[in-house]
Chemist: 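Just dropping this structure here.
Both counts, for ligands and for their atoms, begin at 1 and track the order of listing. Hydrogens, waters and symmetry mates play no part in the numbers below; they use all other heavy atoms, side chains included. Nothing fancy with the numbering, it's 1 onward along the sequence.
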Amino acid sequence: MEKEIKSETDKTPQPYKVLQLGVWRVLIAKSITKVPGQYWKDSFYSLPLLRLFVTDIYQLAPYLFCLFIFTRLWSGIKTSILLVASNRLLAIVEAALTSGHTDINAILNATLTHLCYMVIVYTMEWWADHLRPRLQHKVIYHFEELLLRAILVKDLPTYQENTSNSGISADSAWTAFREIIDVFAEIFSIAAQLVMIVQLSRSNYGPIFAAFCIAKPVLNLFLHELLWSKTYIVHSNNDHHIRLRALHDLSKEQYKQGVISGDLAGYIIKEYAKARKALGDISDDWPEYQYNLRSTPAWDIFSGFISDLPMIYYAATAILCPSKFSVSSIAILQQSSTSLRYTFSKILLHSKDIQKHLRSIANLYEALKVSNQIGNGDLPYPAEGCCNDGMSLIIRNLSFQYPGSKSTRNALTDVSFSVKSGQLVVIVGTNGSGKSTVVKILNRLYNPTSGEILVDGQPMSSYQTSGLRQATADLSQDHHLYPLSIRENIGLGHTHSLSDIDLITKSADLGGALDFVTKLEQGFDTTLRPVRTAYMGHANKGIGHPLKSIFDNLEKRIDISGGEKQRLVASRLFMRLLSNKIKLVTVDEPSSALDPQAELELFQRLRDAKGGRTMIFVTHRFGHLTKHADQIICMKNGTVSETGTHKELMSKDGEYAKLFNIQAESFLSEASKNVDESEVEELQAEVSYLEYYINIPLIQLLLGYQ
Ligand SMILES: Nc1ncnc2c1ncn2[C@@H]1O[C@H](COP(=O)(O)OP(=O)(O)OP(=O)(O)O)[C@@H](O)[C@H]1O
């Protein structure tokens, strides 16, 4: 039962009203339309957009478009046509019955006419059913392709800013089109039915009869709104109900292991029973249903009376002018009043959504416009005559805050460093110090908020972004496998060589993936995560039927380990490197799931493939990378705290040395139990050259621990 809650303290009017329906707190939006007729005014201003939308669809398939409109309009008048035909037949039959004289020809004629109408109506319906999917297919794929193109060319900040538009889909374009056309078809249908009713009622009171027919839907519109026709939020504010749902959720798969290992079943069952008792009889039935429950039957009685108005009209007319009506015409009027009421209810329902559809068309066209935040310069990259194999970089006073970030601190503040062409640079630092952000900006994923980046002596923004991106290869944990074959997953590193299986195999070998790929049944043609299109329709999910096992095996994901996925992504990077266009390689912690051996091999192969390219690594592991680095950039709190080689930074005994020693000590503390301190210090100095992190047994051996 609904109960409106009014805040005692807060006197400011809220744009919503609050109801408590059982366990549910429901917030219902009050109409924010202040100006009378605003709805129609807004709709009117959207007409040019609607014209553009309809013209676009027309141009897609003019023939199908016209036929579709014709069939929709036809469906609007088919009811009237069938009713007129029935009326004719019934009138002849009634005349025969009352006069005792049967006009066989007239009856046969009327029956045949009625049958002909029926054949035409149902043939048209069949035709419309076949036509609609063809136009729908064209419209959906047309807008889907346009949206796909627009989304793919959007840069990251623009894409992230537009996530509020993510609800826009090609399907919604079709729905908008179909429902708007339906409203017009329904208006047409109402007009046809009104004409017919006025004719059938054979009196000057036809319009009154029509008004009686539509009284109920109109009354419902103003006095009996359903919850789902409003804008509303529902949430449970009953603690016992929330706890009950949470305890119930513990039966789900993701908690299974924890529940079993914690032996929690008994506790959960006991707590569930307690919460149920505490909840008592408070209803958790759908709030949409509870909203319609009334405290007295008065409304339903009144509504029934209104719905019987047409009947009262026949009774009154029969008393006042009995000669005007026949039983057949009353039967037809009864049918037409029901049909008119139904169509009118439909139109009221749909017309409410017209604004929503117009808005979704406007959003769709908005989403198709691409105005990227990352500007595109004029200079091609690499510049003509440039002979360096690597990219040189000068970063001056770079500051950056993520778009929409609520943090009071910049992700980067006043960052400056330079990288010579062909250098191997390692960026280290604590979590959140800005390492990945630097890499993202160098990859042109974001614009710096302030500061300057020079690429080969020219501002980065002066280059064409496509040229810069083609000259850059990035490997990070943000890269995922695509729902395509392994061949494509690797080959997309260099799209021009997608058909070169030798190059793909070589890349897989360099990325450390070849071994496990060749063991897969379909090798490079395996799709690890196919798009799921299969679903099973059955009341009990087909349990026990052989179809169930067929369904389970359809589009099955092939599970590989996290490390194997990283190897595939790394293979894609090697494919890119083999394209020989790359001048800058950035590698951001891609090896978290790799075993030490695989990680060492990956880094070695990357170094081998480096050639004269500039390479920037972000890592938390100091061992085997820092020793080879031409330059280490140590970051802290979004700034560069130190730069130099490993030896220089160790001798400074600053932030880098601190981080290095913490890591080194954790490995050495155990091993050093049996050796004296001076020996440990000596070995600590050596440790960066021993790749201690991946080669602990070797260190332990050296320390005489094993
Ligand atoms: N998409 C984002 N939106 C808002 N803030 C972000 C975003 N990504 C990172 N940040 C913030 O920017 C700062 C720098 O993050 P960044 O990822 O560059 O650090 P990091 O040094 O790479 O950290 P880690 O070592 O944990 O990978 C952090 O304070 C982080 O919270």
Side-chain angles (χ1 to χ4, degrees), residues 151 154-166 372-374 393 395-417 419 425-451 453 460 472-480 562 565-566 569-570 573 584-594 599 602-603 615-626 629 631-643 649 654-664 666 693:
I151 291 168
K154 266 180 197 159
D155 62 34
L156 198 58
T158 314
Y159 177 77
Q160 286 170 341
E161 199 177 272
N162 292 344
T163 43
S164 55
N165 286 343
S166 55
N372 275 331
Q373 295 180 23
I374 307 250
L393 295 160
I395 287 117
R396 281 196 203 124
N397 311 109
L398 188 76
S399 292
F400 178 71
Q401 177 144 36
Y402 279 94
S405 165
K406 303 258 183 307
S407 172
T408 49
R409 185 171 73 83
N410 277 350
L412 297 177
T413 309
D414 218 9
V415 167
S416 300
F417 62 90
V419 179
V425 175
V426 177
I427 308 180
V428 296
T430 47
N431 289 129
S433 56
K435 305 179 294 293
S436 304
T437 308
V438 167
V439 168
K440 282 177 186 160
I441 292 177
L442 293 181
N443 274 302
R444 206 88 177 90
L445 291 179
Y446 291 101
N447 268 334
T449 315
S450 64
I453 303 174
M460 191 184 230
T472 314
D474 177 45
L475 178 63
S476 86
Q477 284 187 47
D478 294 339
H479 293 268
H480 297 285
K565 282 174 203 157
Q566 288 189 344
V569 177
L573 175 86
L584 172 69
V585 183
T586 55
V587 183
D588 184 357
E589 280 289 342
S591 52
S592 58
L594 294 182
E599 188 187 46
L602 172 68
F603 287 167
M615 211 171 243
I616 300 180
F617 276 90
V618 170
T619 187
H620 286 289
R621 304 182 183 182
F622 292 72
H624 36 272
L625 273 175
T626 46
Q631 187 185 188
I632 297 166
I633 295 166
C634 183
M635 298 197 63
K636 192 180 177 184
N637 295 336
T639 57
V640 173
S641 60
E642 292 165 334
T643 58
L649 293 182
E655 179 69 15
Y656 176 80
K658 191 177 116 195
L659 292 172
F660 179 86
N661 286 331
I662 292 170
Q663 214 172 76
S666 65
Y693 189 72

Chemist: Does one side chain, of N443 or T586, offer a donor that lies under 3.5 Å from an acceptor on the other?
Modeler: yes
Chemist: I151: which residues meet the side-chain contact (heavy atoms from CB on, under 4.5 Å) condition with it, sequence neighbours left out?
Modeler: Y159
Chemist: Against ligand 1, does G434 come closer than 4.0 Å with any heavy atom?
Modeler: yes
Chemist: Any sub-3.5 Å donor-acceptor pair from N397's side-chain atoms to G451's backbone N or O?
Modeler: no
Chemist: List every atom of ligand 1 that sits less than 4.0 Å from any heavy atom of N431, numbering the atoms from 1 in the order shown and giving each element.
Modeler: 23 (O), 24 (P), 25 (O), 26 (O)
Chemist: Could you tell me whether K440 and ligand 1 have an N or O pair separated by under 3.5 Å?
Modeler: no
Chemist: Locate the shortest heavy-atom distance separating E655 from E642; write the atom from each residue and the value.
Modeler: N-OE2, 3.2 Å
Chemist: Compare all side-chain heavy atoms of N431 with those of H620 and state whether any distance is below 4.5 angstrom.
Modeler: yes
Chemist: My understanding is that we take every heavy atom of each candidate and find the minimum distance to atom 10 (N) of ligand 1. Doing that for F400, Y402, Y446, which one comes out nearest?
Modeler: Y402
Chemist: Check if H620 has a non-hydrogen atom at a distance under 4.0 Å from any atom of ligand 1.
Modeler: yes
Chemist: Decide yes or no for V428 and I632: does some side-chain heavy atom of the first lie under 4.5 Å from some side-chain heavy atom of the second?
Modeler: yes
Chemist: Which of these, L156, D588, T437, V439, has its nearest heavy atom closest to atom 16 (P) of ligand 1?
Modeler: T437
Chemist: Might you check, step by step, whether the distance between atom 24 (P) of ligand 1 and some protein heavy atom is under 4.0 Å?
Modeler: yes
Chemist: Check the orientation of Y446 and F400. Use parallel for under 30°, tilted for 30 to 60°, and perpendicular for over 60°.
Modeler: tilted
Chemist: Any non-hydrogen atom of T430 lying under 4.0 Å from ligand 1?
Modeler: yes
Chemist: So between A411, S436, G638, G432, whose heavy atom ends up nearest atom 22 (O) of ligand 1?
Modeler: S436
Chemist: Quick test of your reading of the structure: of R409, K636, K435, whose heavy atom lies closest to atom 21 (O) of ligand 1?
Modeler: K435
Chemist: Do the non-hydrogen side-chain atoms of I616 and V438 ever get within less than 4.5 Å of each other?
Modeler: no
Chemist: Would you say atom 30 (C) of ligand 1 touches the protein, meaning some protein heavy atom is under 4.0 Å from it?
Modeler: no
